[in-house]
K.L.:
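Here it is, the structure in full.
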Amino acid sequence: MKNINPTKTEAWNKLKEHFQEIEPLHMKKLFAEDENRSLDLAIKWEDFYLDYSKNRITSKTKNLLLKLAEECKLKEAIDSYFGGEPINKTEGRPVLHTALRAGKDAKIEVDGENVMPEVEEVKAKIKSFTNEVVEGGRKGYTGSSFTDIVNIGIGGSDLGPVMVTESLKFYQNHLNVHFVSNVDGDHVHEVIKDLNPETTLFIIVSKSFSTQETLTNSTTIRSWFLRSAPQEAVSKHFVAVSSNVEKVKEFGIDPENIFPMWDWVGGRFSLWSAVGLSISLAVGYSNFEALLKGARKMDEHFKNTDFAENIPVQLALISIWYNNFFGAESEALIPYTQYLHRLPAYLQQATMESNGKSVDRNGKKVDYQTGTIIWGEPGTNSQHAFFQLIHQGTKLIPADFIGFKHSLFLDKEHHHKLMANFFAQTEALLQGKSEEEVRSELQQKSLSEEEIKEKVPFRVFDGNKPTNTILIEKLTPESLGKLIAMYEHKIFVQGIIWDIFSYDQWGVELGKQLASKILEEIENNALQNHDSSTKNLLKFFIK
Ligand code: F6P
């Protein structure tokens, strides 16, 4: 991969000049001047309809952003990504979560070896294990079938599986799936308090198998389990997903019950691997396969489509436009379905752990903004919470609105109300409400001129707030797979253009190191050197 400082490209400098023209313009004017705008700035692909016309861009902006991608050698970088080159250079690994969904006929090499047979072998293991558990053939130590599954993991070993199982709850079978992630003992005790050890299956998910939270929770759960079950029952009730097989064995898991994963799959992109075992158990293997199929289709779209019509590329470039030229700091993600309520949390890790970097690929401090802050909640709940700030606050918050043409329970009355809000919000954000409009509304209420004058400023909406609308036919395992892969590739494109390494996460290490030092001090009641703030807080805690 080439290391190109984006700010030194010709396109960047032209974008800087172009920003001066665009910044004062209202999108209303852009719509009024061009009746084809909403068709030109939209992409229809499979069951997806992306409308990005409600953005503060013109065709010139689009062309300059495409030029930026070209100058930053995005095409070549995509080939390196899918081709298995070690693009995660600081950890010396390729980034191949795409191989997990590439299909059995693909050939993808790591160090000269085709990894696909291994990938297919693990998928076959997930399939047979899933079928045995779902159909009740696999039994616990007293001969009962499993009713409950507990996924023990954190970060990428938790957020993806939680988000997908929540998103696909409509497709869920009889198994109850629970998640334990936080090292907070109240989390694990709250989850296990109502569980029956005889009918519960535990999946320990940890790529490294050295994560404090996961090992602590697993140990607590195993002790709880052994209070009623004999030692030999552990092999029937505990399975693990990890790339550190030796450590898993040390923990006492039967080697038969280990689902391997690989160094070339990053934790936050691993739900497509055996890390997604809880997903497969919750919704059945065929739905898990459909999820992979959706992601594969998005991979193909991303790899093979001209950048001008390429969904992840367009989303990434627009986001760079706001981040680096408008100075926007965050992006909101508003799914208009309660099922996707964990998508923002999932994408926080995927986006912020990936692109929260301030050193470029040459190892030099960057002097431009990188990673965006992601946040959000489902609509319409979010409308009654933080939309005030998006509509009338001082910050520019570009937002993605994700909606579905059909609901799952087919309740038309609800769905029409939901979607009316979905369309209304992006229109309101675009149009705003002018002083004249507010005035005439108040005049109709027969208010005095003095009262009108006093009220007007608070009721004006500037509008001109950018949104992308992603309208999808229906929430299915396949469309969800496409949606997640879409954001994965958006993250990749941004990392390439910002000239950073998106696939390491050194920034999480310092806190971990300090926590283990402080833990020792707490346990031995022997405080070492700290800044005075930390020291006094620790004294208060220990006393
Ligand atoms: O703390 C960061 C992190 O390394 C994430 O990148 C990862 O998803 C998470 O911890 C869990 O790691 P593991 O799967 O190795 O337990």
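Count residues from 1 along the sequence. Both ligands and their constituent atoms are indexed starting at 1 by order of listing.
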K.L.:
Among all protein heavy atoms, pick the one closest to atom 5 (C) of ligand 1 and tell me residue, atom and distance.
P.N.:
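Going atom by atom, the protein heavy atom closest to atom 5 (C) of ligand 1 ends up being E353 OE1, 3.5 Å.
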
K.L.:
Does E213 come within less than 4.0 Å of ligand 1, judged by its heavy atoms?
P.N.:
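No, that is not the case, since the closest heavy atom of the residue is not under 4.0 Å from the ligand.
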
K.L.:
If the cut-off is 4.0 Å to any non-hydrogen atom of K512, which atoms of ligand 1 fall inside it?
P.N.:
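With K512 as reference, the close atoms of ligand 1 come out as 1 (O), 4 (O).
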
K.L.:
Can you list the ligand 1 atoms lying under 4.0 Å from a non-hydrogen atom of G156?
P.N.:
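Contacts of ligand 1 toward G156, numbered from 1: 7 (C), 8 (O).
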
K.L.:
Do the ring centers of Y285 and F129 come within less than 6.0 Å of each other?
P.N.:
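No, the ring of Y285 stays outside the 6.0 Å limit from the ring of F129, centre to centre.
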
K.L.:
Would you verify whether the NZ or CZ of R101 falls within 45 degrees of the ring axis of W272 while also being under 6.0 Å from that six-membered ring's centre?
P.N.:
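Yes, a cation-pi geometry.
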
K.L.:
Starting from the C-alpha separation in whole Å, work towards a yes-or-no answer on side-chain contact (heavy atoms from CB on, under 4.5 Å) for Y487 and D400.
P.N.:
CA-CA 11 Å; Y487 280 113; D400 282 1; 2.7 Å; yes

K.L.:
Give the numbers and elements of all ligand 1 atoms closer than 4.0 Å to a heavy atom of T211.
P.N.:
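Those atoms are 12 (O), 13 (P), 15 (O), 16 (O).
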
K.L.:
Please tell me whether D531 and T534 have a donor and an acceptor in their side chains that are separated by less than 3.5 angstrom.
P.N.:
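Side-chain D/A pair, D531 to T534: present.
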
K.L.:
Quick one about T147 and T199 (side-chain donor to acceptor, distance below 3.5 Å, no hydrogens or angles considered), yes or no?
P.N.:
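Yes, because at least one side-chain N or O of T199 sits under 3.5 Å from a partner of the opposite role on T147.
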
K.L.:
About how many Å separate NZ of K364 and CG of N5, when rounded to the nearest 0.5 Å?
P.N.:
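Between atom CG of N5 and atom NZ of K364 there are 11.0 Å.
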
K.L.:
Report yes if some N/O of T214 lies less than 3.5 Å from some N/O of ligand 1; otherwise report no.
P.N.:
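No; every N/O pair is 3.5 Å or more apart.
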
K.L.:
Any idea which protein heavy atom is nearest atom 15 (O) of ligand 1, and the distance to it?
P.N.:
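Looking only at protein heavy atoms, the one closest to atom 15 (O) of ligand 1 is S208 OG, 2.6 Å.
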
K.L.:
Would you please say whether a donor-acceptor pair under 3.5 Å links the side chains of H178 and N151?
P.N.:
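There is no such pair (donor and acceptor under 3.5 Å, judged by atom type) between the side chains of H178 and N151.
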
K.L.:
For I154, take its heavy atoms, then give the atoms of ligand 1 lying under 4.0 Å from any of them.
P.N.:
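So the atoms of ligand 1 that pass are 9 (C), 11 (C).
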
K.L.:
Could you list the atoms of ligand 1 found under 4.0 angstrom from a heavy atom of V508?
P.N.:
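The atoms of ligand 1 under 4.0 Å from a heavy atom of V508 are 1 (O), 2 (C).
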
